[in-house]
Amino acid sequence: MKSDSTLSNLGEFGLIDRIRARFPQPALPEMGIGDDAALLNPAPGMQLVVSTDLLAEGVHFERSFGQLRLLGRKSLAVNLSDLAAMGARPRWFFLSLAIPAGFPLDEIEVFLDGLAEQAAEHGVLLAGGDTCGSRSGLVISVTVMGEQQPERLLRRSGGRPGDDIWVSGTLGDSALGLQLLLGQTEKTDDAATKYVIHRHLDPAPRCGLGQMLAEAGLVSAMIDISDGLLADLGHICKQSGCGAELQLGQVPRSPQFSALVDAASPSFWHLMVAGGEDYELCFTAPAERRDAILKQAKTAGIPATVIGKLNDSGRVVARLPDGSIFQPSASGYTHF
Ligand code: ADP
Ligand code: MG
C-alpha cells in the first residue's frame with residue numbers, strides 16, 4: 001500500500017477495486033463485485049438463508065478501542081452467528097460501508113484484513129456491497145447468505161413444553177469484557193481480563209455446531225444469543241408458545257469469568273444472562289436426545305449444557321441456586 005494514498009485521492013471506485021482485490025471472487029458462471037448486481041447459484045434444492053446486521057460507530061463499537069482488525073472480524077461474525085442459529089451453511093456476503101471523509105485508508109485496510117480472515121475461516125465469498133460517505137462516524141452493514149435443505153432449517157418457533165433448554169460455550173464473558181473496556185470495572189492486565197475482552201471484541205460464531213445440530217435433526221428450536229440469554233430465550237418462548245424455567249446455577253461460565261466476578265456481587269448473574277453479545281447458541285430439544293446432542297457438540301469441539309426446560313406457563317422464570325427467582329434490572333440491550 002502506498003503511504004501517500006488517502007481515501008479522497010483513491011475515490012469510491014478506487015476503494016471498491018481495492019476491496020475486490022482483497023477477497024476471492026465467486027467462480028463463473030456466478031458473479032461477484034463489478035456489475036450492477038451479483039449472480040449467485042445456491043446448490044439445487046437448497047433454501048437460501050439471508051441475514052443482515054448494521055454496526056454503527058458510537059452504538060456498537062468505539063474507534064478508540066483501536067481494534068479495527070477485530071472489528072472487521074466481528075462485523076462478519078455477528079452475521080454468521082445468525083446463519084448458525086438457523087443451521088445454514090454460509091456461502092456469500094455483502095459489505096456496505098459509510099465512511100467519514102478523511103478516514104485513514106490504512107485503518108480501512110486493517111479492517112479489511114480482519115474481515116478477509118473471518119471470511120476465509122468460514123469459506124464465505126464477498127459478492128458485492130455499497131460504498132458512500134458518512135457525516136457521523138463509520139457505519140458497516142454486512143449481509144450474509146447461506147443455504148440449507150428446507151426441512152433441516154431451525155426456527156425459533158419449534159420448541160415444545162418439556163423440551164430441554166441448552167446453551168453452547170459459556171455466557172457472560174463478552175458483557176464483562178465490554179464493561180472492562182468501558183472502564184466500568186477496574187481493568188488489570190491479567191490473562192483472565194484479556195480473555196473476556198477478547199471474547200467481546202472477537203466472538204466466535206458457532207457455525208459448525210449449528211449446522212451439525214440442524215443436519216442431525218436433533219433440535220426443535222434455536223436462536224443465537226446476541227441480546228442476552230433471557231431476552232433471546234424469550235423470543236423462542238414467544239414464537240413457540242411456551243414458557244421456560246431456567247436453573248441459573250447450571251448456566252455455564254468460564255473460569256476466567258468466575259475469577260473476575262464475585263459470585264455474591266449483583267452483576268454476576270446479570271452479566272451471564274442479560275449482558276448480551278455472547279454469540280453462543282441457545283436451543284431446545286426433547287430430553288431423550290441428550291446423549292446424541294452431547295456427542296455432536298463434542299465433535300464440533302464446543303461444549304453444550306442443559307440449563308432448564310420449556311413449559312406451558314407462557315413466561316420465562318430464572319431460578320437462582322437457592323431456589324429464589326432472579327429479577328434482572330433490564331434484560332438485554334434496547335436501542336430506543
Ligand atoms: P451501483 O452504483 O450500481 O449501486 P456501485 O458503483 O455502488 O454500483 O457498485 C459497483 C460494484 O461494486 C457492485 O458490484 C457492488 O456490489 C460493488 N461494491 C460497491 N461497494 C462495495 C463494497 N463496499 N464491498 C464490496 N463490493 C462493493
Ligand atoms: Mg451502489
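In this text the structure is predicted, and so the values were computed from the model without any measurement. Atoms within a ligand are numbered from 1 in the order they appear, just like the ligands themselves. Heavy-atom basis, side chains included; hydrogens, waters and symmetry copies ignored. Heads up: numbering here begins at 1 and tracks the sequence.
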**Asked** According to the salt bridge (Lys or Arg N to Asp or Glu O under 4.0 Å) rule, which pairs have a member within residues 146-155, sequence neighbours left out?
**Response** Arg89-Glu147, Arg91-Glu147
**Request:** Using a strict cut-off of less than 4.0 Å between a Lys/Arg side-chain nitrogen and an Asp/Glu carboxylate oxygen, indicate whether Lys309 and Asp163 qualify as a salt bridge.
**Result:** no
**Message:** Measuring from non-hydrogen atoms of Phe13 to any atom of ligand 1, is the shortest distance under 4.0 Å?
**Reply:** yes
**Prompt:** Quick one: do Asp113 and Arg69 make a salt bridge, cutoff under 4.0 Å?
**Reply:** no
**Message:** Closer than 4.0 angstrom, basic N to acidic O: yes or no for Arg199 and Asp278?
**Reply:** no
**Asked** CZ of Arg315: more than 12 outside heavy atoms within 6.0 angstrom?
**Response** no
**Prompt:** Should Asp82 and Ser51 be marked as a side chain to side chain donor-acceptor pair (under 3.5 Å) after you check the CA-CA gap, both sets of side-chain angles, and the distance that decides it?
**Reply:** CA-CA 7 Å; Asp82 284 319; Ser51 174; 3.0 Å; yes
**Message:** Judged on heavy-atom distance to atom 14 (O) of ligand 1, which of Asp35, Leu97, Ile16 sits nearest?
**Reply:** Asp35
**Asked** For ligand 1, which part of Thr131 has a heavy atom less than 4.0 Å away: the side chain, the backbone, both, or neither?
**Response** both
**Prompt:** With only distance considered, is Ala127 within less than 3.5 Å of ligand 1 through an N or O on each side?
**Reply:** no
**Request:** Give the single entry among Gly128, Ser141, Ala37, Cys132 that approaches atom 26 (N) of ligand 1 most closely by any heavy atom.
**Result:** Gly128
**Message:** Side chain or backbone, does Gly129 bring an N or O within less than 3.5 Å of an N or O on ligand 1?
**Reply:** yes
**Request:** Can you sort out which atoms of ligand 1 are near Asp36, meaning under 4.0 Å from one of its heavy atoms?
**Result:** 3 (O)
**Message:** I'd like to know if Gly34 contacts ligand 1, where contact means a heavy-atom distance under 4.0 Å to any ligand atom.
**Reply:** yes
